[in-house]
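What follows is a single structure, written as structure tokens, with notes after it.
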Amino acid sequence: MSLIVLNYRDSKPIYGQVGDGFRKLILSGALPAGEKLPSVRELASDLAINPNTIQRAYRELEAEGFIYSIAGKGSFAAALSDVADSRRESLLASFDEAAVELLRLGMSADALTARLHHNAKESNL
């Protein structure tokens with residue numbers, strides 16, 4: 001039984017669904033730091049999909065800092081603190097780009113601030 005569930009009707013690519021599944025498992029603590037991920041072949045067989053799809057998902061997860069690989073040993077879940085730092089920097093860069101574009105499109109800084117406060121309130125933060 002796999003920890004990852006795929007929805008073939010979803011418009012999101014399969015590799016993206018695999019990546020999202022592992023992100024959720026790592027962020028929730030269900031996949032603890034240092035835990036070995038299934039091998040590419042094992043997971044591909046389990047999910048009945050092409051191994052290249054799993055390899056692409058693993059590559060993205062590693063680039064985002066969610067997992068790390070050790071040659072000859074496999075891929076492992078990264079420490080949540082490492083993931084959080086890496087993910088935070090990536091999201092802040094995306095946020096900055098979006099904020100600048102919204103300002104150029106005529107949205108006021110006050111409106112952006114109000115939206116941020118609204119989202120924080122909705123997220124109970």
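Values reported hereafter were calculated over all heavy atoms of this structure, with side chains retained and with hydrogens, waters and symmetry mates removed.
Side-chain contact between Lys36 and Lys73 is absent, with no heavy atoms from C-beta onward closer than 4.5 Å. Contact check for Glu60 versus Arg23: side-chain heavy atoms found under the 4.5 Å cut-off. Ile14 places a side-chain heavy atom less than 4.5 Å from the side chain of Gln17. Residues Asp46 and Ile4 have side chains not in contact (no heavy-atom distance under 4.5 Å, counting atoms from C-beta outward). In this structure, the side chains of Ile67 and Ile26 come closer than 4.5 Å at one or more pairs of heavy atoms. With a 4.5 Å cut-off on side-chain heavy atoms, Ile49 and Tyr8 count as touching.
One hydrophobic cluster holds both Leu80 and Leu61 under the rule that ILVMFWY side chains link at heavy-atom gaps under 4.5 Å. Clustering ILVMFWY residues whenever any of their side-chain heavy atoms sit less than 4.5 angstrom apart, transitively, puts Ile54 in a cluster other than the one holding Tyr68. Hydrophobic cluster membership differs between Val40 and Tyr15, with clusters built from Ile, Leu, Val, Met, Phe, Trp and Tyr side chains linked at under 4.5 angstrom. Linking Ile, Leu, Val, Met, Phe, Trp and Tyr whenever their side-chain heavy atoms come within less than 4.5 Å leaves Phe76 and Phe66 in two separate clusters.
The aromatic rings of Phe22 and Tyr58 sit perpendicular to each other, their planes meeting at more than 60°, with 30° as the lower class boundary.
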Step by step, would you call Glu62 with Ser69 a side-chain hydrogen bond (donor to acceptor under 3.5 Å, both in side chains)? CA-CA 8 Å; Glu62 189 164 5; Ser69 297; 3.0 Å; yes

Side chain to side chain contact (heavy atoms under 4.5 Å, CB included), that's the test. Do Leu37 and Leu31 meet it? Break it down for me. CA-CA 9 Å; Leu37 275 62; Leu31 194 59; 4.0 Å; yes

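Taking CD from Glu122 and CZ from Arg115, the interatomic distance works out to 11.0 Å, rounded to the nearest 0.5 Å.
No side-chain donor-acceptor contact under 3.5 Å links Ser45 to the backbone of Glu42.
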Show me the side-chain donor-acceptor pairs of residues 93-112 shorter than 3.5 Å, one per line, residues at least two apart or across chains.
from   : atom 1 : to     : atom 2 : distance (Å)
Ser94  : OG     : Ser90  : O      : 3.3
Ser108 : OG     : Ala111 : N      : 2.9

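The two residues Gly65 and Ala78 make their nearest non-hydrogen contact at O-CB, 3.3 Å. Minimum interatomic distance between Ala33 and Ala79 (heavy atoms only, all atoms of both residues): CB-CA, 3.5 Å.
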